[in-house]
Amino acid sequence: HRVTRLIREAYRLNKDCIRSGYDIVFVARTTAKDKGYHEIESAFMHLAGKHQIINEVCADEETSY
C-alpha cells in the first residue's frame with residue numbers, strides 16, 4: 001500500500017503537467033517497494049514523457065524527465 005500512496009502523491013503533485021482525458025493504469029512491481037518518493041516520481045514523469053502525455057509547458061520546464 002505504501003507504493004500506491006507514493007504513486008498517488010506523485011500524480012497529485014504533477015497532475016497539472018499531465019494531459020487530461022487519459023486513463024492511467026499503474027502496475028507496481030515488487031522492486032518498487034524499496035524505492036523512495038523521488039524515485040517513484042521520477043519514474044512516473046519519465047513514463048509520462050515517454051508516452052507523450054506531459055503538457056508542452058511542463059515538458060519545456062522539466063528537462064530531467
Side-chain angles (χ1 to χ4, degrees):
H1 296 290
R2 177 182 166 276
V3 174
T4 302
R5 289 192 307 270
L6 293 175
I7 293 170
R8 285 183 182 154
E9 184 68 2
Y11 172 77
R12 185 185 72 80
L13 293 175
N14 293 290
K15 66 183 172 185
D16 294 335
C17 290
I18 304 298
R19 291 184 187 169
S20 62
Y22 290 91
D23 294 333
I24 302 172
V25 177
F26 293 96
V27 177
R29 308 281 181 187
T30 55
T31 56
K33 70 179 181 176
D34 298 325
K35 304 296 181 194
Y37 169 74
H38 293 291
E39 291 170 302
I40 297 291
E41 180 187 36
S42 178
F44 169 71
M45 294 304 289
H46 171 75
L47 290 171
K50 188 172 184 174
H51 292 284
Q52 301 175 348
I53 60 171
I54 294 180
N55 290 329
E56 291 81 17
V57 175
C58 293
D60 294 338
E61 294 173 4
E62 302 292 335
T63 58
S64 63
Y65 302 127

Interatomic distance, CD1@Ile24 vs CD1@Ile53, rounded to 0.5 Å, equals 4.0 Å
Considering residues at least two apart in sequence or located in another chain, which fulfil the ring pair (Phe, Tyr, Trp, His ring centres under 6.0 Å) criterion with Phe26?
Phe44
CE/Met45 to NZ/Lys50 distance, rounded to the nearest 0.5 angstrom?
15.5 Å
Of all residues at least two apart in sequence or in a different chain, which pass the salt bridge (Lys or Arg N to Asp or Glu O under 4.0 Å) check with Arg8?
none
Hydrophobic cluster identity match, Ile40 and Leu13, side-chain contacts under 4.5 Å
yes
Quick check: closest heavy atoms across Gly36 and Leu6, and the distance to 0.1 Å?
C-CD1, 4.4 Å
Pairs where residues 21-35 contributes a residue and the test side-chain hydrogen bond (donor to acceptor under 3.5 Å, both in side chains) is met, not counting sequence neighbours:
none
Output all residues satisfying side chain to side chain donor-acceptor pair (under 3.5 Å) with Arg2, sequence neighbours left out; order by chain, then residue number.
none
Minimum heavy-atom separation for Ala32 and Val3, please, with both atom names.
O-CG2, 3.6 Å
Using salt bridge (Lys or Arg N to Asp or Glu O under 4.0 Å) as the criterion, list what pairs up with Glu39, not counting sequence neighbours.
none
Those residues that, when tested against Tyr11, pass side chain to side chain donor-acceptor pair (under 3.5 Å) (two or more places apart):
none
Common cluster, Tyr37/Ile7, ILVMFWY with side-chain heavy-atom separation under 4.5 Å
yes
Salt bridge present between Arg12 and Glu41 (N-O < 4.0 angstrom):
no
Closest heavy-atom contact between Asn55 and Asp16?
ND2-O, 2.8 Å
